[in-house]
Amino acid sequence: MSVTVLAIESSCDDTSASIVRDGYVLSNLIASQEIHRSYGGVVPELASRAHQANIVPVTDQALKKAGLRVSDIDAVAFTRGPGLLGSLLVGTSFAKGLALSLGIPLIEVNHLEAHILVHFIRNDKVNNTVPGFPFLCLLVSGGHTRIIQMEDYLEMRVLGNTIDDAAGEAFDKCGKLMGLDYPAGPAIDRLAAAGNRKAFRFAKPSIKGLDFSFSGLKTSFLYFLRDRVKEDPGFIEKNKADLCASLQDTIVSVLTSKLVKASNETGIKEIGIAGGVSANSGLRAAVMSEAEKRKWNLFIPEPGYSTDNAAMIGIAGYYKYLRGEFTDQDVAPLARF
Ligand code: KG4
Ligand code: ZN
């Protein structure tokens, strides 16, 4: 039996629609909202309005790209949360309306679970294999930093979590202090390539177990810049590449060392990274080097599947469809899921 899922993602500032058939992605369209760049963060009201404007054309394009009509869909999957309530409401209402009008099942998806499930997308072109279970995944996004142990497609256990800021937030907030636009992660990654990662040292948090903390790093970065700029107002501009490289190196080394600890403690060597920050070239290089040393079977998402996208909602929806996990029409979005 073939299963075709139309998936909708609208948890933050990207409106995305995707068609996933039997674990293969037929299309994955993303409309990014440039409007937030100059505000230094996502403005919730503007995000909701942009989702409203984008959701129909993006869905239409996803169907066209897949060469399908709306009547070819077997189910509609959507992000129920976590995310911005107003943004989630647009995707949830649209998905509910579509499923109701077509008389097909509605499937709610947890955005965080979906980030991890990108590793189970099939792709004949690159002859990809998928992780075996148990699978250990470092999930690093703008809102979350977690180490998750997966026992099955939909069975996940959180082994470690951030006690304050997420890794993506650390990139974005420190970037803002350097005058970079939101989201600063990609720009820091680019600038870091030309910098010396040992130029400056920033304090690394010493948090017990597998938990993380990034708020101290942000504060120490703030005080460091404040003191240096007092001595030389041009300090940031003159040292931007080195600042980015050193900051990135600090964040990457905290993330990587916890992932190594988790693997050592659980004995699991099926390892992956996921979420927006998993696009970071420093993090990718660091986990690849650990994988080689430690004989991990490592999974790194294609760049387009690191940051928010609907294909990940589609693959999660596909596995839920196979298990008959459907959602009632009275479902409401959850900002905290
Ligand atoms: O997963 P995601 O797209 O959205 C959330 O669910 O939060 O993650 C967005 C985060 C932002 O903080 C952004 O700065 C960060 O991912 N990010 C990066 C890179 N690309 C995106 N951080 C560092 N390096 C990158 N290349
Ligand atoms: Zn995300």
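Order of listing sets the numbers, starting from 1, for every ligand and every atom in it. Sequential numbering from 1 along the given sequence is applied to the chain's residues.
Within ligand 1, the atoms closer than 4.0 Å to a non-hydrogen atom of Pro183 are 13 (C), 14 (O), numbered from 1 in the order shown. Close contacts between ligand 1 and Gly185 involve ligand atoms 14 (O), 18 (C), 19 (C), 22 (N), 23 (C), 24 (N), 25 (C) [criterion: under 4.0 Å to a heavy atom]. Within ligand 1, the atoms closer than 4.0 Å to a non-hydrogen atom of Gly143 are 7 (O), numbered from 1 in the order shown.
Polar contact with ligand 1: present for Asn280 (N/O pair, distance under 3.5 Å). Geometrically, ligand 1 and Gly142 share a nitrogen or oxygen pair separated by less than 3.5 Å. Checked by distance only, ligand 1 and Thr307 stay at 3.5 Å or farther apart across all their nitrogen or oxygen atoms. Ligand 1 has no nitrogen or oxygen under 3.5 angstrom from a nitrogen or oxygen of Ala184. Any N or O atom pair closer than 3.5 Å counts here, and Gly168 shares at least one such pair with ligand 1. Here's the thing with Gly276: one of its N/O atoms is less than 3.5 angstrom from an N/O atom of ligand 1. Between His111 and ligand 1, a contact under 3.5 Å exists for at least one N or O pair.
Distances from the Zn ion (ligand 2) under 2.8 Å pick out these protein N/O/S atoms: His111 NE2, His115 NE2, Asp308 OD1.
Protein heavy atom at the shortest distance from atom 14 (O) of ligand 1 is Asp172 OD1, 2.6 Å. The protein heavy-atom contact nearest to atom 26 (N) of ligand 1 is Asp189 OD2, 2.9 Å.
Within the 4.0 Å heavy-atom criterion, neither part of His144 lies near ligand 1. Contacts of Asp308 with ligand 1, taken as heavy-atom pairs under 4.0 Å, involve both backbone and side chain.
A donor-acceptor pair shorter than 3.5 Å cannot be found between the side chains of Asn28 and Tyr305. Side chains of Ser11 and Glu9: a donor-acceptor N/O pair is present below 3.5 angstrom, by distance only. Looking only at atom types and distance, the side chain of Asn161 has no donor-acceptor partner in the side chain of His144 under 3.5 Å away. Between the side chains of Ser306 and Arg284, at least one donor N or O lies within less than 3.5 Å of an accepting N or O. With 3.5 Å as the limit, one finds a donor-acceptor pair spanning the side chains of Asp22 and Ser2. Using a 3.5 Å distance cut-off with no hydrogens or angles, the side chains of Asp165 and Ser215 do not pair a donor with an acceptor.
Clustering ILVMFWY residues whenever any of their side-chain heavy atoms sit less than 4.5 angstrom apart, transitively, puts Val25 in the very cluster that holds Val130. When the side chains of ILVMFWY residues are joined at heavy-atom separations under 4.5 Å, either directly or via intervening members, Val20 and Ile73 end up in two distinct hydrophobic clusters.
A heavy-atom distance below 4.5 Å is not found between the side chains of Phe135 and Gln149.
Between Ile8 and the choices Thr92, Thr59, Val90, Thr79, the side-chain contact (heavy atoms from CB on, under 4.5 Å) rule is met once, by Thr59.
Among residues two or more places apart in sequence or in another chain, the side chain to side chain donor-acceptor pair (under 3.5 Å) test is passed with Thr162 by none.
Remark: the backbone N or O of Ala47 is not paired with any side-chain donor or acceptor of Asp13 at under 3.5 angstrom. Of the possible polar contacts, one joining the Gln329 side chain to the Lys96 backbone as a donor-acceptor pair under 3.5 Å is found. For Lys240 (side chain) and Ile188 (main-chain N/O), no donor-acceptor pair under 3.5 Å exists by modelled atom type.
Residue Pro186 places a heavy atom less than 4.0 Å from ligand 1. Residue contact check for ligand 1: His115 places a non-hydrogen atom closer than 4.0 Å to it.
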